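As C-alpha cells, the structure follows; a few thoughts come after it.
Lettering follows sequence order; numbering is per chain, from 1. These numbers come from a predicted model, not from an experiment. Because only heavy atoms are used, hydrogens play no part in the values below, and waters and symmetry mates are left out as well, while side chains stay in.
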Amino acid sequence: MPIMVQISELSCSSPEGVPLFCDFHLQLERGNLLCVVGQPGTGKTLLLSFLCRELRPPRGQILIDNCNILRLSPERFRRLRFRIGVVPQQEEPLLHRTLAGNLRFKLRALSFSAANATQRARETLQAVGLSAQEDRYLSNLSPAEARIFQLALAICSDPALLLFDDPTSRLGASESERLLAVLRSVQQRRRLSVLVTSRTAAVADALGAPLVSLKSPAQRPLEHTPELPADEDEND
Amino acid sequence: MSLKSILYLFGQLLLDARPRVGVIAAIGILLAFLWTLGLALALLLNAGQVEDVSAALLMALDRPTAQAEVSSLMERSRAWPEVWRVRYVFPEQALNADAALPQETRANGYLELQLLSPSDRDAVAARLSAQASWLSLIPPPHGLIRRFWQEEPSLHAIVLGLLVGIFLVVLLIFYRAFQLLAQGWMAEGQLLKLAGLSSRTLALPFSLVGLLCGLLATVGAVLLARWSPFLARRIPLLSAWLPELGAGRLNVEISLEAALIGLALSGLVGLLAFVAAVRAFERLCLAGRNAPGAPKLILPKAQERTESQR
C-alpha cells in the first residue's frame, strides 16, 4: 500500500528545553486512517504544524505523497499544500456568511469558478449531512454540526490528505459519535488519507483506526501498533 | 492563486469593510489628494522664472480729473463681473510706485483694477476707455519675473515642512486603515491560511485596496487641476495670487504633475497596505488566532547540540 505520510527521526524540544519528540516515527498509508493520541502539551498540534510546514523541525524528515516537504521550494510546497485539508482544534468560520457561503468563499479564493464552487459546496454539504442547513448561519448550528461543518470546509476542495486536530474536543458523547460517524463515512467514500489527533484512545476505537501515542516529557521511539490500542501497551 | 481569485477577494474585502475603516480611508484619500495637488503646485510654481501674466489693469489719467468723476467711474467698474477690486493711486503715491511705471502716471495718478482673469484685460480696458476718454491703458510689463515666494527661503522651509508633515500623516492614516481592515478580516484570513494560502498571497487584495485609495486621490487632484481656471474665476483670492490658473495656462502642467505624483503615491500606499496585511496575517497559525496553545518557535540546532553534550 503506498504511503501518504511518513515521518522519520523527528526530534525537537520546546523553548524551555523540554524534549517533545525524540526520534519519532509515523507512517500513514494512502486511503487509511491513523489516530495520534496524547495528553495536552504532548505535541499533537505541533505535529500537524510540521505537516503543514508552519514550523520546521530542527531534525527529521517528513514525506507527504513521496515529497520531502522540508526540501520543497515554496512554489512546489504551495501546490502540495492545496491538497491537504486541515481542521484545527479552534476555528471560527465566517459567521456573517451562510454555510454554503463559507464554502463558496473558500472555493472561489482557490480559483474555482462561481458555478463550480456552488456545485461543490452543495455536494460537500450533502456528503456530511448538512444539505438542509446550507442557507443557515453557523450560530444556528449545534456544536456537533459546527464541527461537522468545519470538516466540510476542509474537504470541499477535494484534498488527498486530511488533518483533523482533536475532533471531539468540547463535544458530548452522542455528538462525538455523530461526528466520528460522518468522518468515517466521508473517509471511506472518498478514500481519504486521514490523520486524526485526540486526547483519548476512544476516538481511535470509534474510527477503527490504528493508534500512535505521544507521551510527555520525553518521547520514546514508538512502534506502530495497528492491532492493539497504545494505552494498553504502554500501561504494561 | 489566480488573478480572478485575487479580484474576487478584493471585491469581498470591500464589501466586508466596516464603516469606520471607510471613514478613515476617506480622510486619508482627501488628505492625499490635497497633498498631491499641493506638491504639484509647489514644484511648478517654484520652477525658476515665470512669465508675468498679471491680472492687474492699470489705467493712467491723462489730465487732472475731478474726484467725483473718478469716484463715479470706480463705482461703476466695481459692479462689473470681471472686476474684483478697484483703487485709485494718488499722484503722491504714484511717485513712490514701481519704477517700471511710465512717468505720466506719477503726475495724475492711475486706476488699478484687479481682474478675476488676465484674459479679461482687453475687454475691461476697452470698456473703460469708452466711458472715460481721459483714461489711457498703461501697457503691462513683459518678461520673466520671480514670485515673492521664490525669494523667501523661510517660506520654502514652511512649505516643505507642511508637505512632509502631511505626507507622514497620510501614510499613518492609511496604515491604520489597512490595519483595521486586516483585523476585521481575521476570520477570512484564518480560513484561507488553513486552505494553504500564504500571508503574502492573502495580502494581495489589500494591495489593490491601497492602489485604489491612491488612484482616487490622484483622480481628485487631476480633476481639480483641470477645473482650476473655473475655480479661479469664482475665488478672487486664488486668481489674484495665481493668475496663471485663471488664464488656463498652468492647469495642464499641474494635471500632469499631479497625475505622476499621485501614481507614485498610489504605489506607495499599495505597498503599505501589503505590509500591514502581511503583519496581521502572519501571526495566524494552525492553533487559531488566540489559542493559548499556539505553537512557539522551535529552538535552533544550537539548543540540540547543547543537549547532546549534556
Exercise for the section: Can you label the angle between the A/Phe105 ring and the B/Tyr8 ring as parallel, tilted or perpendicular, going by 30° and 60°? Expected result: tilted

Exercise for the section: Would you check if A/Gln150 and B/Leu191 make a side-chain contact, meaning some heavy-atom pair closer than 4.5 Å? Expected result: no

Exercise for the section: Check whether any side-chain heavy atom of B/Gln12 lies under 4.5 Å from a side-chain heavy atom of A/Arg97, and answer yes or no. Expected result: yes

Problem - Contacting moiety of B/Leu197, where chain A heavy atoms sit under 4.5 Å - result: both

Handout entry: Point-to-point distance, once rounded to the nearest 0.5 Å, from CZ of A/Phe77 to OG of B/Ser198
Key = 11.0 Å

Problem - Pick from A/Ala154, A/Ser111, A/Ala114 with the largest number of heavy-atom pairs that fall under 4.5 Å of chain B - result: A/Ser111

Exercise for the section: Can you tell which part of A/Ser157 gets under 4.5 Å to a heavy atom of chain B, answering side chain, backbone, both or neither? Expected result: neither

Practice task
Would you mind telling me which of A/Leu163, A/Val86, A/Ile84 makes a side-chain contact (heavy atoms from CB on, under 4.5 Å) with B/Leu194?
Solution key: A/Val86

Practice task
Can you see which heavy atom on B/Ala195 is nearest to which on A/Lys106, and at what distance?
Solution key: CB-CE, 3.6 Å

Problem - Straight-line distance of A/Leu110 CG to B/Ser2 OG, nearest 0.5 Å - result: 9.5 Å

Exercise for the section: Report, as yes or no, whether the 6.0 Å neighbourhood of atom CZ on A/Arg190 holds more than 12 heavy atoms from other residues, nucleotides or ligands. Expected result: yes

Handout entry: Which portion of A/Arg78 sits near chain B, non-hydrogen atoms under 4.5 angstrom
Key = side chain

